[in-house]
Amino acid sequence: MLTANAHYKAVFGRKMYKASICFSKSCPNRDGTKGTGGCIFCSAGGSGEFSAGGKSITDQIDDAISLVEKKAGPDAGYIAYFQSFTNTYCAPEELRAALDEAASHPRILALSVATRPDCLPEPVMEVIEERAKKTPLYVELGLQTSDDKTARLINRCYETAMYDDAVTRLKEAGANVITHVIFGLPGETEEQMLNSVSHAVKAGTDGIKFTCLYVLKGTALEQMWSAGEFEVLGQEEYFDIVEKAIGLLPPEVVIHRLTGDGPKKLLLAPMWTADKRGVINYINRRFGL
Ligand code: SF4
């Protein structure tokens, strides 16, 4: 399997670290434009769970680098990661200015922008194309599932066909597309989960991030979980699915993440995801990383 580290080494000739940036403050699935309340698993922090406290993009990058610099060493490269909420849900000029500022930071070698497939109108695509010509640009799309019935259940508020179209347009614009997929969504069978992976591959994704569904306090998912409407996946069960999913990936598709971990202060289940070190050891043992 092609890991993100191996991919970065091949592209940038060095180890790369992410400098997370809080840029977007909202999402059309929260403010009523597409939906209200957001995706049922998403907490009020909008899948970023941090606040920049009004700091500039440059200051946020400096702060993020200073946290890992000692471990990373002087040769490390950094990716400015526009992580929270929906980062193309703004005026194109605002996005252009933010990307320009991040790209002009001397330690930043690439940009990564998390967004939704339904937030890529033509003026935004022009900004993406323009920037991708100058700086390696990753765009992360939250697909989560390719099953439109599950997508309705989780209140994703866009059809899977829109994701397919977004992948095509982003690749034409020169972006490298990373797709987020969640395993363990309520009511989904293993077959549906693996179908989502095959779907992303067929759509042309360049990379993939797997996450185990976790339940956070204050979300609609918490209510469903408390009412016993579904069960979260166990560690072994989750990584059995991940192993099968890896088997579906062509060798050139980069695996950017094998699982995620929710914010500890909000996490209700599954608690194995809170043991970050234990999970890393398990992954290293099981996948020989
Ligand atoms: S699209 Fe992203 S930020 Fe918006 S509600 Fe869904 S997970 Fe949260």
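In each ligand, atom 1 is the first atom listed, and ligand 1 is the first ligand listed.
F287 does not carry R285 over the face of its six-membered ring by the limits of under 6.0 Å from the centre and within 45° of the normal. Figure legend: cation-pi geometry between K15 and Y17, with NZ or CZ positioned under 6.0 Å from the six-membered ring centre and within 45° of its axis.
Salt bridge absent: D164 and K202 never bring a charged side-chain N and a carboxylate O closer than 4.0 Å. For the pair R156 and D148, the salt-bridge criterion is met [side-chain N within less than 4.0 Å of a carboxylate O].
For atom 1 (S) of ligand 1, the choice among R116, H180, R156 with the nearest heavy atom turns out to be R116.
Residue contact check: F85 has heavy atoms under 4.0 Å from atoms 3 (S) of ligand 1. The atoms of ligand 1 that sit less than 4.0 Å from any heavy atom of G38 are 5 (S).
Both the backbone and the side chain of C39 come within contact range of ligand 1, each with a heavy atom under 4.0 Å.
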